[in-house]
A.B. asks: 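One structure coming up, written as structure tokens, with questions to follow.
Letters A, B, ... are given to chains in the order of the sequence lines, protein chains preceding strands, and every chain is numbered from 1. All heavy atoms count here, side chains included; hydrogens, waters and symmetry mates do not.
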Amino acid sequence: MATYILRRIFSTIAVMVMVGVFVFLLLRLAPGDPAAIIAGDKGTPEMIAGIREQLGLNEPLPVQFVHWALSILSGDFGTSIFTGLPVLELISQRLEPTVSLSILTMILSVTTGISFGIVAAWRAGGLIDRILTVFATLGFSVPVFVVGFFLIYLFAIISHWLPVQGYQPIDHGFGPWLVHLILPTVALSLGYIAFIARIARASMLEVLSEDYMRTAAAKGASSYAMLFHHALKNAGVPILTVIGLSFASLVGGVVITETVFNIPGVGRLVVDAINNRDYPIIQGVLILVSALYVLINLAVDLSYTLVDPRIRY
Amino acid sequence: MLLDVRDLETHFYSEESVTRALGGISFQVKKGETLGVVGESGCGKSVTALTILRLLPKLSARTVGGEIHFHGRNLLELSDREMRKIRGDQIAMIFQEPMTSLNPVYTVGRQIAEAVQIHTKASRSVAMEKAEEMLRLVRIADPELRVNNYPHEMSGGMRQRAVIAMALACSPELLIADEPTTALDVTIQAQILRLIVDLKERTGTAVMFITHDLGVVAETCQRVIVMYAGRIVEQANVIDLFARPAHPYTQGLMRSVPDRRRGRQRRLPEIPGIVPSLREPIVGCSFAPRCPFAIDICREKTPALRDVGSSHAAACWRAEEVMGA
């Protein structure tokens, strides 16, 4: 186990180095000259050259990379070209709405996704199962922004039950915070609920036909014990895998959701940064998100041993 | 009478057909006796067991007729909740596949303890002590360590012992053993058989022993029923059955058992033909197409089970001739 964790940490570092190279190159090689953008419409060629010199853009790429990587390792993600503020500070200002939205989305997706999956598998072929299958297909295929606008129209514009958009920080009160997050969370969750429910249903269905389920029934176990005690843990590995994947892929959905609902989070920050070619912000966000992705994957792999005693590293 | 099954009929349904898996069978199990249920694969042995415990899949199987009296109560009329109280407590079952019939993600001890906890008010720790005691009873070495083993850490024979321990944990009055030794090595088979016979004698549990192996029947059972195509074709004491089989099918089964004493003889005789499909209604005796004794009446009218001796019954028009042959 210890050697496995060590090995995984080494491979995590290797992955992060590759991500670093990619993030660095992606933006340097893309069209558009940041120096020209900073200088603005009235920038003279001399001004642009001065800015290039100041940002070190004239150095050879490998030298630029080493400088960049070293400063990131020391916690310095650079300053925003556009606002002149430190990248890390900009990101941390925007972190709360994004983290709130992500956590609520994961809670909603995991709980409802798994419950739907279990019920559908338990009554496979029945009415509930068929309704859930239709719902899951819809949840898969309708994009977040369509669901988002639809929900806004229904629950905010027509019925005025919920705010149209915006965000309230949690220290302004739990109620306003939650009310503003309901629609975005539901919009973002539908796809994940569908995804998790489908996988949960399939793996539960497989487990329910196993011999040991009949043994449990022959013991006199109740339906509840059969489903939640005997079946769920056996179906756990694939379910954990999709939860990990969903969580890791949340970033893309968060960006769109924050735009639709006008939430000032990291997603909006990065969209604005891309429009402004604000390289340091884009790079900072990409690095942090990749690190999170890799860590979640590691956590999921390690959690398998908690669910299935046959898995040993 | 512990168990009294009357005219039990179970059908399986699929989109295009109905399979009459049990065509109205009746038999009894007395307190403390061992009843053997013999027949080829697909003859309805396991379906009988699963019907008694009501463990067949609800969507595809239905018991369409008959009664199952256990302690005077008809199991088919009980609610699901009442049925759960009987399963594992008064009627327990051992399955064929020890490799897959234990839950891989819980320790063996916990799975035995679960049976105890379902049917008594025992606490977790008391139930775990009982689990350890049961493992000792089925002669697993170091039971205090083995309770904490997962199924994959045990051999097939040991797992089957654990399954037996689980089945006997609540001292059931009836134990249904569905081919409990079929999936095991020959040497382990003998050990498990001896274990079941020993435990049966010690606890006084009645056993319904389902097998296709006549050798197992001879070693363990007092009474035997022989099944063919969803019906009982012969019913007798084990001694009578082996001495004077009254149904041609039973005779065929006995001839196709290899006999050490006859040495390396000629080719082992087999029963020609195949088991009839249970999807179409059968006219006449279901064994007639494969039967060397078959005459016209066999193909026209289904023979009922009738007495051919004291507590010896057979469903054959020519039982007397068969016994004399």
A.B. asks: With a 4.5 angstrom heavy-atom cut-off, is it the side chain or the backbone of B:Ile176 that approaches chain A, or both, or neither?
C.D. replies: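 Neither part.
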
A.B. asks: Decide whether B:Gln90 and B:His71 meet the rule of one side-chain donor and one side-chain acceptor closer than 3.5 Å.
C.D. replies: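 No.
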
A.B. asks: Does any backbone or side-chain atom of A:Val307 lie under 4.5 Å from a heavy atom of chain B? Answer side chain, backbone, both or neither.
C.D. replies: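 Just the backbone, heavy atoms under 4.5 Å.
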
A.B. asks: Name the region of A:Ala221, side chain, backbone, both or neither, that has any atom closer than 4.5 Å to a heavy atom of chain B.
C.D. replies: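 Its backbone and side chain both get close to chain B.
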
A.B. asks: Could you tell me the separation between the CZ atom of A:Arg123 and the CZ atom of A:Arg130, rounded to the nearest 0.5 Å?
C.D. replies: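 The CZ atom of A:Arg123 sits 13.5 Å away from the CZ atom of A:Arg130.
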
A.B. asks: Evaluate the ring planes of B:His152 and B:Tyr150, with Trp represented by its six-membered ring, and classify them as parallel (under 30°), tilted (30 to 60°) or perpendicular (over 60°).
C.D. replies: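 B:His152 and B:Tyr150: parallel rings.
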
A.B. asks: Going through the distances and angles, do B:Lys200 and B:Thr220 end up as a side chain to side chain contact (heavy atoms under 4.5 Å, CB included)?
C.D. replies: CA-CA 10 Å; B:Lys200 192 225 123 176; B:Thr220 56; over 6 Å; no

A.B. asks: Check the orientation of B:Tyr106 and A:His229. Use parallel for under 30°, tilted for 30 to 60°, and perpendicular for over 60°.
C.D. replies: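 Plane angle under 30°, so parallel.
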
A.B. asks: Does any heavy atom of chain A fall under 4.5 Å from the side chain of B:Glu153, the backbone, both, or neither of them?
C.D. replies: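 Neither; nothing under 4.5 Å.
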
A.B. asks: Please classify the contact of B:Met83 with chain A as side chain, backbone, both or neither, using a heavy-atom distance under 4.5 Å.
C.D. replies: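 Neither part.
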
A.B. asks: Below 4.5 Å from any heavy atom of chain A, which atoms of B:Leu59 appear? Answer side chain, backbone, both or neither.
C.D. replies: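 The side chain, not the backbone.
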
A.B. asks: If I measure from the heavy atoms of chain A, does B:Leu102 come under 4.5 Å with its side chain, its backbone, both, or neither?
C.D. replies: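 It is the backbone, since no side chain atom gets that close.
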
A.B. asks: As an exercise, state the distance from CE of A:Met213 to CG of A:Asn234, rounded to the nearest 0.5 Å.
C.D. replies: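 Taking CE in A:Met213 and CG in A:Asn234, the distance rounds to 8.0 Å.
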
A.B. asks: Could you go through the side chain to side chain contact (heavy atoms under 4.5 Å, CB included) check for A:Ile170 and A:Glu96 one step at a time?
C.D. replies: CA-CA 9 Å; A:Ile170 197 164; A:Glu96 191 201 295; 4.0 Å; yes

A.B. asks: Pick one of side chain, backbone, both or neither for A:Ser222, based on which atoms fall under 4.5 Å of a heavy atom in chain B.
C.D. replies: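 Both backbone and side chain.
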
A.B. asks: Taking every heavy-atom pair that is under 4.5 Å apart, which of B:Lys85, B:Gln111, B:Gln117 has the most such pairs with chain A?
C.D. replies: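 Counting heavy-atom pairs under 4.5 Å, the top option is B:Gln111.
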
